[in-house]
Amino acid sequence: MKLYNTLTRKKEEFVPLNKGEVTMYSCGPTVYNYFHIGNARPFIVFDALRRYLEYRGYKVIFVQNFTDIDDKMIKRANEEGTTVAELGERFIAEYFADADALGIKRATHHPRATENIDAIIDMIKKLEDKGYAYNRDGDVYFSAKKFAEYGKLSHQPLDELEAGARIDVSEQKDDDMDFALWKKQKPNEPAWESPWGMGRPGWHIECSAMANRYLGKTIDIHSGGQDLIFPHHENEIAQSECANGAPFARYWLHNGYINIDNRKMSKSLGNFFTVRDILAEFEPEAIRFFMLSAHYRSPINFSKELMLQAKTGLERLYNCARNLEFLSKQADAGQADDTVLKMLATYKNEFIEAMEDDLNTALAISKLFDLAREINTMVTESSTAQTVTSAAQALKELGGILGILQKEDDNSLENEIEELIEKRTAARKDKNFALADEIRDKLKSRGIILEDTPSGVKWRKE
RNA sequence: GGCGCCAUAGCCAAGUGGUAAGGCAGAGGCCUGCAAAGCCUUUAUCCCCCGGUUCAAAUCCGGGUGGCGCCUCCA
C-alpha cells in the first residue's frame, strides 16, 4: 500500500517495521467537551486505515491517547466548578458514546496522560540527563536547537520558525523555540510529584511518553490533523528521538481540515457542530460516508445539504443490500453464477486497488456504486441462493472496511406490518386500488415504504 | 516574511502525460394499476486565466487570478 508521508512529502510504499504487524499512534481528544465534526474526521479516516490494514491481514496495535490534563481542562473544570479528574472521566465516557455510535473501533490502548505521569517523568529525566532539557525553577523546557533535525516534519528552517514565533509570556526560556516539558504547579492546579517539584506535564511530552510505553521507540504510523504538524508533532519527534536515540515514527499521516459552509469552524461564527448534535439528525453511517467520500488529505466542506447528499448516496447502496436480503429469502439452492462471481471479484479488486493508493476512499466508494449497479442488473429473482449470498457478502465485506453497510434491518414491527401488507395485497387482487393506496399511504406516514416486486411486496423503513 | 495546500458539470468528487470515473440533483424512456426501488439514455467539445514543453496536458514548467492552512498548545 502507498501512503503519503508528511516527513518525506512523498507517497511511499508502506512496509511495517515488523512483518505482519503495524504499530499506529493517533493523537486523541482533549476531554473537556464533546468532540466536534472536525475532530471526527481523523477518528473516522484513520479508523478506516486501521480497518483496511486489518483486512489485509496485519495485526494492528493502535494507540489513541486522552489528554486529560492541560490548560483547557483546568479552565473548563473551574468554570463548571468541578475537578479536572471528574471532567476527564465524564468526557471520556462521552467520547466513547459518540465514537462507538460512529462505528469507530476502539483502540488497542486508550492511555490517559494522568495515568502515565511516571513514564512522562522518566522521559523528561532522560532528556535532562542527555542535556536536551533545562530546569527553570520548577518549569522544565526542551532546547529545540539542540536537536539538529528540529523542523524536519514541518519543513521549516529554524530561523524562519523563530522569526515567526509569537511573543511568549514566558521569559524564562532560553530560546523562543523551546517548549515546556513540565509545568510548575500554580495555585489550585492538579499536580504530581517530580524531581523538579510539584507540577504537571506539558502537552507534547505525553504523546512521546505513551507512544514509547505502549508501542516502543519506533512506531510505524503516526497520524493526526494537519494543524498538529507544527508544533505538536515536530516536538514529539524532537522529544522521542533525543530521548530514545531512534527514529520516532516512520510514516506521518495528516488529514485535511473541515470547513463549515466554506468557513472555518469557530464558536464565534456560530458554526460549531459537535458530533452529538449531528447524530441527532443523521445516521452515524451517513457521517462516515460523508467523511470518506473525499480523499482524507483534501479539505472538505460540511453542511446540511452535503450531509443530505451523502445520506441519499448511502441509501442507494443500502437499497441494493436490502434487495439481496429480500431475494435470499426466496431463492432456490443451486450453484453460484460464475459470471456474477467474476464480476464481484473484479470490483473487489478495484476497490482494494483504490485503497492501496494512499487510502483513496473516494474512489473506493465509487467502486461500491459500480458494484451495486452490476448486482442490481445481474442478480435477480431467478438467481440461486448462493449467487445472492455471494453478492450480499461482497457488499458487506467491502462496506465493512469503510465501516458502512453494517446496519441490520429493524424488524420489530414486522407482524403488524405484514398483516397490513396482506390486506393490501388482497385489495389489489380485487382491484380495490383505493384501499390499497390508503394502506400504503398509512404505512408511509409511519415511515414504512412499500415496494411491489414481481415476487412479492418488499418493505423498508424510511 | 517563511512553509504549504486547493481551483474539474447545478452540487459533491476521482483522475496527475494519451484524449473527462462515480454519487446527488435535473430530463426522457423501460418496468408498475399507480407508486417505490431498479435499469437504460441524457447532462463538462472540456478541467480558473495566459504563455511554454510535447506527436499528445485537466495532468509537466513559468506567470497570473481567486480561495485556504500552518508559523507554540486548534483535528
Side-chain angles (χ1 to χ4, degrees), chain A residues 6 9 26-30 35-43 45-46 67 70-72 144 151 154-157 159-170 173 176-180 202-204 223-232 234-235 254-259 262-266 289-290 293-295 297-301 303 305-306 308-317 319-320 322-323 326 350 354 357 360-370 372-373 375-377 380 428 431-434 436-437 440-441 444 449-454 457-460:
Chain A
T6 307
R9 286 183 173 170
S26 209
C27 292
T30 301
F35 65 88
H36 58 70
I37 187 74
N39 297 313
R41 168 117 100 146
F43 298 158
V45 158
F46 298 120
T67 298
D70 84 330
D71 292 344
K72 290 194 297 277
S154 51
H155 301 275
Q156 297 271 347
D159 49 334
E160 283 302 338
L161 277 176
E162 202 160 26
R166 291 183 198 168
I167 296 151
D168 202 300
V169 280
S170 168
K173 290 198 288 189
D176 282 342
M177 291 280 75
D178 296 351
F179 54 90
W203 175 39
H204 315 295
S223 55
Q226 257 161 19
D227 58 323
L228 291 182
I229 294 173
F230 192 89
H232 185 54
E234 195 73 72
N235 291 353
H254 293 98
N255 63 275
Y257 269 89
I258 288 191
N259 293 318
N262 290 312
R263 308 186 69 178
K264 190 174 173 171
M265 176 167 55
S266 79
F289 184 89
F290 166 75
S293 62
H295 187 89
R297 284 190 285 117
S298 313
I300 55 172
N301 201 26
S303 72
E305 197 207 322
L306 294 173
L308 247 20
Q309 280 190 19
K311 185 190 158 168
T312 318
L314 181 62
E315 202 53 40
R316 180 178 169 77
L317 261 18
N319 282 335
C320 178
R322 277 200 207 98
N323 186 237
F326 180 76
E350 288 185 13
D357 185 14
N360 194 337
T361 53
L363 226 206
I365 285 175
S366 82
K367 298 305 174 188
L368 248 28
F369 282 113
D370 289 336
R373 194 187 56 245
I375 290 174
N376 286 335
T377 307
T380 65
R428 290 179 70 212
K431 303 251 185 258
N432 185 353
F433 295 123
D437 289 352
R440 187 170 61 193
D441 290 345
K444 167 98 165 100
I449 310 280
L450 296 192
E451 296 176 15
D452 298 326
T453 81
V457 182
K458 204 161 60 160
W459 65 272
R460 65 184 158 92

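Every chain is numbered from 1 and lettered A, B, ... according to where its sequence line falls, protein lines coming before strand lines. Keep in mind that what you see is a predicted model, and the values were worked out from it rather than measured.
Contacts of His295(A) classified as ring pair (Phe, Tyr, Trp, His ring centres under 6.0 Å), with partners at least two apart in sequence or in another chain: none. Judged as a salt bridge (charged side-chain N to carboxylate O under 4.0 Å, His left out), and not counting sequence neighbours, the contacts of Asp70(A) are Lys72(A). Considering only residues two or more places apart in sequence or on other chains, Phe35(A) meets the ring pair (Phe, Tyr, Trp, His ring centres under 6.0 Å) condition with Phe43(A), Tyr95(A). Applying the side chain to side chain donor-acceptor pair (under 3.5 Å) test to Ser223(A) and every residue at least two apart in sequence or in another chain returns Ser26(A). Asp227(A) is linked by a salt bridge (charged side-chain N to carboxylate O under 4.0 Å, His left out) to nothing, counting only residues two or more places apart in sequence or in another chain. Annotation: salt bridge (charged side-chain N to carboxylate O under 4.0 Å, His left out) contacts of Glu315(A) (sequence neighbours excluded): Arg322(A). In terms of the salt bridge (charged side-chain N to carboxylate O under 4.0 Å, His left out) criterion, Arg41(A) has no residue partners (sequence neighbours excluded).
Both Asn235(A) and Arg9(A) lie close to RNA chain B; mapped to their nearest nucleotides by heavy-atom distance, the more 5′-ward contact belongs to Arg9(A).
Across all strands, Ile258(A) comes closer than 4.0 Å to base atoms (heavy-atom distances). At a threshold of 4.0 angstrom between heavy atoms, the contacts of Ile449(A) are confined to the sugar-phosphate backbone, with no base atom among them. Within 4.0 Å (heavy atoms only), Lys458(A) reaches no atom of the nucleic acid at all. Within the nucleic acid shown, His155(A) comes within 4.0 Å of sugar-phosphate atoms alone, with no base atom in reach, counting heavy atoms only. Nucleic acid contact class of Gly313(A) (heavy atoms, under 4.0 Å, all strands): sugar-phosphate only.
Taking 4.0 angstrom as the limit, Asn319(A) places none of its side-chain polar atoms (N or O) nearer than this to OP1 or OP2 of A37(B). Remark: Asn39(A) is in phosphate contact with A75(B), judged by side-chain N or O atoms under 4.0 Å from OP1 or OP2. Taking side-chain N and O atoms only, Lys311(A) has no distance below 4.0 Å to OP1 or OP2 of C24(B).
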Between protein and nucleic acid, restricted to nucleotides 30-34 of chain B and to nitrogen or oxygen atoms under 3.5 Å apart, what atom pairs and distances do you find?
from   : atom 1 : to        : atom 2 : distance (Å)
G33(B) : N7     : Arg428(A) : NH2    : 3.4
G33(B) : O6     : Arg424(A) : NH2    : 3.3
G33(B) : O6     : Arg428(A) : NE     : 3.2
G33(B) : N1     : Asp437(A) : OD1    : 3.0
G33(B) : N2     : Asp437(A) : OD1    : 3.4
G33(B) : N2     : Asp437(A) : OD2    : 2.7
C34(B) : O2     : Arg440(A) : NH2    : 2.5
C34(B) : N3     : Arg440(A) : NH1    : 2.9
C34(B) : N3     : Arg440(A) : NH2    : 3.2
C34(B) : N4     : Asp452(A) : OD2    : 2.9

Quick test: give all pairs of protein nitrogen or oxygen and nucleotides 12-22 of chain B nitrogen or oxygen below 3.5 Å, distance rounded to 0.1 Å.
from   : atom 1 : to        : atom 2 : distance (Å)
A14(B) : OP1    : His295(A) : N      : 2.7
A14(B) : O3'    : Asn360(A) : ND2    : 3.0
G15(B) : OP1    : Asn360(A) : ND2    : 2.9

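Base pairing of U59(B): no nucleotide in any strand meets the Watson-Crick or G-U wobble criterion (both distances under 3.5 Å). Pair assignment for A25(B): none, as no Watson-Crick or G-U wobble contacts are both less than 3.5 Å. Using N1 to N3 plus N6-O4 or O6-N4 for Watson-Crick, or N1-O2 and O6-N3 for G-U wobble, each under 3.5 Å, G33(B) pairs with nothing. Pairing for A44(B) is absent, with no Watson-Crick or G-U wobble pair whose two atom distances lie under 3.5 Å.
Using P as the reference atom, C46(B) and A21(B) are 16 Å apart when rounded to the nearest Å.
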